[in-house]
Peer 1: 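Take a look at the following structure, please.
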Amino acid sequence: PTPPLPVFPTSGGIPSLRKIEPPVVSKTGAIAAALNSFLCIGKPTSGLSLTALSEYTVCPLRFHFRYLQRIAPRDEAPSVELSPRSFGTLLHNTLQELYAPFVGKALTAQSFAAMRERLAPTLEERYKEERRLTRPLSGMERLECDIITELLNDLLAVDARRSITHIEALEVKVLAAVELDNGRRLGLQGTIDRVDRTDEGYTLIDYKTGRYYTSYARYRGAERLFSPQPTDRSYVLQLLLYCFLWKRKMIDDGHAEALNTDLLLTPSLWFVNERLKVDLCLYRAQDEAAPRTKYTPLLSYSEVADAFEKRLLLTLEELFDFSRPFTATSELAHCDRCPYRTLCGR
């Protein structure tokens with residue numbers, strides 16, 4: 001028999017098509033246990049990643065899905081072209097291999113000449129590795145390698161003009177403990193792309209392969225940095241977290257100079273696609289509360305350390321407050337491309 005047609009009310013309009021509300025997840029049971037796994041006794045051996053903490057500031061519910069429920073985001077669809085993620089991996093791996101022989105050594109004109117000579121064959125090897133190729137490169141693949149080679153040649157040219165003593169470390173993993181309330185200790189960990197030694201201190205560099213916007217390199221105060229703004233401010237957040245961890249690492253390793261307030265820890269974003277026009281400096285708002293303000297170079301982490309670390313601790317206390325559930329972000333702009341949107345209901 002033919003099923004009956006649905007009957008709609010004759011008044012009051014069509015049925016509501018309102019989406020369901022995002023879930024609210026309490027920090028109990030298995031969720032509480034997963035959170036507790038990031039806490040440590042004594043010196044940490046692992047910790048909460050800086051990427052995870054950045055995700056939490058964007059959307060607590062997304063953090064819960066990815067890092068506590070361990071629901072992996074959907075993989076990118078296969079492409080005949082190099083994906084943005086693969087491009088970033090390829091660039092980092094190539095630079096790592098080129099610079100590795102010169103860690104702890106002064107960079108000279110001969111150093112850069114040697115790196116330029118090795119650049120094309122090194123890039124091709126890493127390209128094949130990233131694409132899992134065993135055959136010769138096709139015309140399109142060769143063109144991609146040529147374009148990236150040009151980008152990295154420009155990076156070497158910029159680097160040759162910089163004034164540094166030597167490269168201190170590449171792809172260095174840093175791990176430190178943060179003291180929470182009630183005597184709890186949390187491990188925080190991250191991987192810094194590059195640390196340069198200068199006459200005044202250290203420059204911490206984070207390579208970026210995406211497009212550059214001035215807002216990506218601007219610091220408008222710790223409060224805004226840890227809030228779910230619709231624009232991408234995670235670059236500055238992660239870089240300042242690197243500075244925090246590097247300073248803690250130096251203190252833990254017994255470097256007395258880390259206690260010197262005049263020691264510069266300079267945060268630096270290197271947008272490779274900007275090529276020779278790249279500006280490695282971060283900028284700090286002169287008036288953080290004003291809608292329009294001038295910006296000055298942020299030359300040292302110490303300029304913002306007190307406010308930043310205070311807000312960092314408040315955020316971590318909030319994350320590990322087991323009476324406070326995980327809720328969805330208030331900034332709907334983050335939901336447009338969120339891999340957990342169907343689970344959330346937005």
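Remember, predicted model here, so these are calculated numbers, not experimental data.
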Peer 1: Which pair of non-hydrogen atoms, one from S268 and one from L280, has the smallest distance, and what is that distance?
Peer 2: OG-O, 2.8 Å
Peer 1: Run the salt-bridge test on D159 and R162 with the 4.0 Å N-O cut-off and return the result as yes or no.
Peer 2: yes
Peer 1: Does some side-chain heavy atom of Y56 sit less than 4.5 Å from a side-chain heavy atom of E318?
Peer 2: yes
Peer 1: Between P325 and S26, what is the shortest heavy-atom contact and its length?
Peer 2: CB-CA, 4.1 Å
Peer 1: Does L175 reach the side chain of K173, with side-chain heavy atoms less than 4.5 Å apart?
Peer 2: no
Peer 1: Is it true that a side-chain atom of D206 and a backbone atom of L239 form a donor plus acceptor pair closer than 3.5 Å?
Peer 2: no
Peer 1: Quick one: does L241's side chain get under 4.5 Å of F308's, heavy atoms only?
Peer 2: yes
Peer 1: Can you tell me how far the NE2 atom of H92 sits from the CD atom of E171, to the nearest 0.5 Å?
Peer 2: 6.0 Å
Peer 1: Check the surroundings of atom CG in L276: do more than 12 heavy atoms from other residues, nucleotides or ligands lie under 6.0 Å from it?
Peer 2: yes
Peer 1: Does R135 pair with E141 as a salt bridge, N-O distance under 4.0 Å?
Peer 2: yes
Peer 1: Out of curiosity, E97 CD to L170 CG, how far, rounded to the nearest 0.5 Å?
Peer 2: 12.0 Å
Peer 1: Tell me every residue that passes side-chain contact (heavy atoms from CB on, under 4.5 Å) with I147, counting only those two or more places apart in sequence or in another chain.
Peer 2: L143
Peer 1: If you apply the rule side chain to side chain contact (heavy atoms under 4.5 Å, CB included), what do you find for L312 with L240, and how did you get there?
Peer 2: CA-CA 10 Å; L312 168 63; L240 295 184; over 6 Å; no
Peer 1: Take atom CD in E117; do more than 12 heavy atoms of anything else shown fall under 6.0 Å from it?
Peer 2: no
Peer 1: Checking K27 side chain against R324 main chain: does a donor-acceptor pair fall under 3.5 Å?
Peer 2: yes
Peer 1: Please give me the minimum heavy-atom distance between Y301 and P267, naming the atom from each residue.
Peer 2: N-CD, 4.2 Å
Peer 1: So does E288 pair up with R224, basic N to acidic O under 4.0 Å?
Peer 2: no
Peer 1: So, does T149 use its side chain to make a donor-acceptor pair with the main chain of A120 at under 3.5 Å?
Peer 2: no
Peer 1: With side chain to side chain contact (heavy atoms under 4.5 Å, CB included) as the test, would you mind laying out the steps for E317 and D181 before giving the verdict?
Peer 2: CA-CA 7 Å; E317 294 283 10; D181 61 1; 3.2 Å; yes
Peer 1: Give a yes or no on whether a salt bridge exists between R248 and E309, defined as a side-chain N under 4.0 angstrom from a carboxylate O.
Peer 2: no
Peer 1: Compare all side-chain heavy atoms of I148 with those of T94 and state whether any distance is below 4.5 angstrom.
Peer 2: no
Peer 1: Is there a donor-acceptor pair under 3.5 Å between the side chain of S111 and the backbone N or O of T108?
Peer 2: yes
Peer 1: Around D306, counting heavy atoms of other residues, nucleotides and ligands shown, do more than 12 lie under 6.0 Å from its CG?
Peer 2: no
Peer 1: Please check if the side chain of T266 supplies one atom and the backbone of L299 the other of a donor-acceptor pair under 3.5 Å.
Peer 2: yes
Peer 1: State, with a plain yes or no, whether a side-chain heavy atom of I31 is found less than 4.5 Å away from one of Q69.
Peer 2: yes
Peer 1: Atom CH2 of W246 and atom CZ of F244: how far apart are they, to the nearest 0.5 Å?
Peer 2: 15.0 Å
Peer 1: Please evaluate residues T203 and R194 with respect to the criterion side chain to side chain contact (heavy atoms under 4.5 Å, CB included), reporting the C-alpha separation (whole Å), side-chain torsions for both, the decisive distance (0.1 Å), and the verdict.
Peer 2: CA-CA 8 Å; T203 297; R194 173 173 162 181; over 6 Å; no
Peer 1: Closer than 3.5 angstrom, by distance alone: can the side chain of E124 be matched with the main-chain N or O of C145 as a donor-acceptor pair?
Peer 2: no
Peer 1: List the atom of V58, the atom of T329, and the distance in Å for their closest heavy-atom pair.
Peer 2: O-OG1, 2.9 Å
Peer 1: For the backbone of S46 and the side chain of Q189, can you confirm whether one donor and one acceptor N or O come within less than 3.5 Å of each other?
Peer 2: no
Peer 1: Any side-chain heavy atom of L245 within less than 4.5 Å of one from L50?
Peer 2: yes
Peer 1: Roughly how far apart are L61 CG and T327 OG1, rounded to 0.5 Å?
Peer 2: 7.5 Å
Peer 1: Under 4.5 Å side-chain heavy-atom separation, chaining through any Ile, Leu, Val, Met, Phe, Trp or Tyr, what else clusters with Y283? Say none if it is isolated.
Peer 2: Y295
Peer 1: Which heavy atom in Y202 sits nearest to a heavy atom in T198, and how many Å separate them?
Peer 2: N-OG1, 4.0 Å
Peer 1: Please report the shortest heavy-atom distance between R118 and P101, naming the atom on each side.
Peer 2: NH1-CG, 4.0 Å
Peer 1: Do L314 and V304 share a hydrophobic cluster, counting only Ile, Leu, Val, Met, Phe, Trp and Tyr and linking them when any side-chain heavy atoms are less than 4.5 Å apart?
Peer 2: no
Peer 1: Distance under 6.0 Å and angle within 45° of the ring axis: does R233 meet both against Y216?
Peer 2: no
Peer 1: For S300 and L264, indicate whether the former's side chain and the latter's backbone hold a donor-acceptor pair under 3.5 Å.
Peer 2: no
Peer 1: CG of L155 to CG of N273: how many Å apart, nearest 0.5 Å?
Peer 2: 11.0 Å
Peer 1: When rounded to the nearest 0.5 angstrom, what distance separates OH in Y67 from CD in E55?
Peer 2: 5.0 Å
Peer 1: Under the 3.5 angstrom rule, does the side chain of Y242 hit a backbone N or O of T191 as a donor-acceptor pair?
Peer 2: yes
Peer 1: Taking only Lys NZ, Arg NE, NH1 and NH2, and the carboxylate oxygens of Asp or Glu, determine whether E130 and R126 approach each other closer than 4.0 Å.
Peer 2: no
Peer 1: Is there side-chain contact between L298 and V236, with heavy atoms separated by less than 4.5 Å?
Peer 2: no
Peer 1: Is it true that a side-chain atom of H334 and a backbone atom of Q229 form a donor plus acceptor pair closer than 3.5 Å?
Peer 2: yes
Peer 1: Passes side chain to side chain contact (heavy atoms under 4.5 Å, CB included), V158 versus W270? Steps please.
Peer 2: CA-CA 10 Å; V158 172; W270 196 322; 3.8 Å; yes
Peer 1: Transitively linked via ILVMFWY side-chain contacts under 4.5 Å: L332 with Y340?
Peer 2: no
Peer 1: Answer yes or no: is there a side-chain heavy-atom contact under 4.5 Å between R311 and L225?
Peer 2: no
Peer 1: Classify the angle between the aromatic ring planes of F63 and F326 as parallel (below 30°), tilted (30 to 60°) or perpendicular (above 60°).
Peer 2: tilted
